[in-house]
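Below is one structure, written out as structure tokens; comments come after it.
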Number of protein chains: 2
Amino acid sequence: MLVNINAVSAKRQNALGELGELSRSRIFLSEFKYNRGAEIYGETETADYIYQVLEGAVRSYKLLFDGRRQIGAFHLVGDIFGLENGAAHRFTAEAIVDTTVRLMKRRSLEHVAETDVVVALDLLIMTTGNLQHAEDHMLLLGRKTSLERVAAFLLEMDRRLTAKSVMALPMSRRDIADYLGLTLETVSRALSYLHAKGILGFLGPTQRQIVLLDRLRLAELDL
Amino acid sequence: MLVNINAVSAKRQNALGELGELSRSRIFLSEFKYNRGAEIYGETETADYIYQVLEGAVRSYKLLFDGRRQIGAFHLVGDIFGLENGAAHRFTAEAIVDTTVRLMKRRSLEHVAETDVVVALDLLIMTTGNLQHAEDHMLLLGRKTSLERVAAFLLEMDRRLTAKSVMALPMSRRDIADYLGLTLETVSRALSYLHAKGILGFLGPTQRQIVLLDRLRLAELDL
DNA sequence: GCGGCACCTTGATACAGATCAAGGCTCCGG
DNA sequence: CCGGAGCCTTGATCTGTATCAAGGTGCCGC
């Protein structure tokens, strides 16, 4: 559901690192805001738009009938998502916190890609990046222990989330668990263990602000 | 390692369903044969060629330092693999049985893609297909039970392997286990359970020939 | 400022699947 | 025909993670 609309407010000049040629074509239409928890699109819905996170964070997931959930990716500031190269979305996307996205019509992008080989290759590069992430995640989900998974998660977020020393995780323990194929209790225990070992520290009153105190030992835990 | 070379033996006119425009450009160079168990390329090797299976079957996998293995995909007759869109391979590929592949230089494909938008879009379609498979497999590895995984595997092989009523699996129980994130014993037990329930039958002296007797009930076991 | 809710941690117990172990079958080479 | 290797099944036991349970903390609305 669209919660709040700020159409065509082009004041933001965000870092478009991965956009390549797309950033040069003026086909991003407008901004939208989604409240925390709001659904951006549902699995199997027709893919009319693609999105870029300007502020906030998004989770993409699949559900089984009985409610088991697998989060395939978190989308952070700057990330592009919803790029399915097909008629229908393959994940449900939800705002984890209040989130602003920029969006464009998928058909106009397709149209450009059909004639402009540079845009087509940009799409290929982005899709390849998504594929590589999924391939690494299969190894994690199929063969790593709970501690290895949590260590890998922290290192991924450390790399992606910010240059600052403090990691402000937007997602809950349950989100992390559903990303790592664990339960929230197991995630919590792994984090407590890393805390006790002096590998990380907690900051705020909530436990979502984490400082990595020993990236080397953390990396040794992720094989 | 290349085991046996049949260069430019173009006698085979295989079904190239997924190749699209690529099948029309005459850039597939030659055929190679790999013995059962032979490595086609290693993880992190530079990706000089891309491959199509003409006969046989191939497994693509990642290893952890202590030997834990995750197979990301099986490549069957007609499948194209080794398409990394980057300098280095991200998996190790091995022949599961004696296997013949057709191969082409990656650079010549890249060269064509840089000018021909149709070829670039073909590459995008193939990469998107690989991504979709990986996304579904993340759900399986993260959230499905052992029985659900084995049921999903059988249905996938039934769909991909042959139109015939008998499924001749080229891979061992250990390969299946490493694809599904299980042990070979758990795979064996799940197959025995499905046999006892009358959902499948075994044929030959070895247990690799399987007949699906009740696809409907099998599909109900895969959520 | 108080009550309730969302979120997190920690402890106790249960269980699915891993591990350890044994034996059977087929194939192959001598 | 025999012996051994590779592969598979089945049984017994173990264990990592899930499940069940209780309690703590911060935050928000009234």
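Letters go in sequence order (proteins before strands), and every chain restarts at 1.
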Can you sort out the partners of [X] under salt bridge (charged side-chain N to carboxylate O under 4.0 Å, His left out), two or more places apart, ordered by chain and number?
| X | result |
| --- | --- |
| R217(A) | D214(A) |
| R36(A) | none |
| R173(B) | none |

Rounded to whole Å, CG of L203(A) lies from C1' of dG26(D) at a distance of 16 Å
Extract from the structure each pairing of a protein N or O with an N or O of nucleotides 25-27 of chain C at less than 3.5 Å, listing the distance.
none

The complete set of ring pair (Phe, Tyr, Trp, His ring centres under 6.0 Å) pairs with one or both residues in residues 129-150 of chain A, sequence neighbours excluded, reads H133(A)-H137(A), H137(A)-Y179(A)
Applying side chain to side chain contact (heavy atoms under 4.5 Å, CB included) to Y61(A) and not counting sequence neighbours gives R59(A), L63(A), R69(A), I71(A), T92(A), E94(A)
In 5'-to-3' order, the base (B), backbone-only (S) or no-contact (-) status of each nucleotide in nucleotides 7-20 of chain C, using a 4.0 angstrom heavy-atom cut-off, is SSBBBB----SSBB
Quiz prompt | Plane angle bin for Y41(A) and H89(A) - parallel if under 30°, tilted between 30 and 60°, otherwise perpendicular | solution = parallel
Would you tabulate the side-chain donor-acceptor contacts of residues 193-202 of chain B under 3.5 Å, counting partners in other chains and residues two or more places apart, or write 'none'?
none

Residue pairs passing the salt bridge (Lys or Arg N to Asp or Glu O under 4.0 Å) test with at least one member in residues 80-90 of chain A, sequence neighbours excluded, are E84(A)-R90(A), R90(A)-E135(B)
The bend of the helix from dG1(C)-dC30(D) to dG30(C)-dC1(D), taken between the axes of its five terminal pairs at each end and rounded to 10°, is 30°
Contacts table for residues 183-191 of chain A: side-chain donor-acceptor under 3.5 angstrom, sequence neighbours left out:
from    : atom 1 : to      : atom 2 : distance (Å)
T183(A) : OG1    : T186(A) : N      : 3.4
T183(A) : OG1    : T186(A) : OG1    : 3.1

Across all chains, not counting sequence neighbours, the side chain to side chain donor-acceptor pair (under 3.5 Å) partners of S146(A) are none
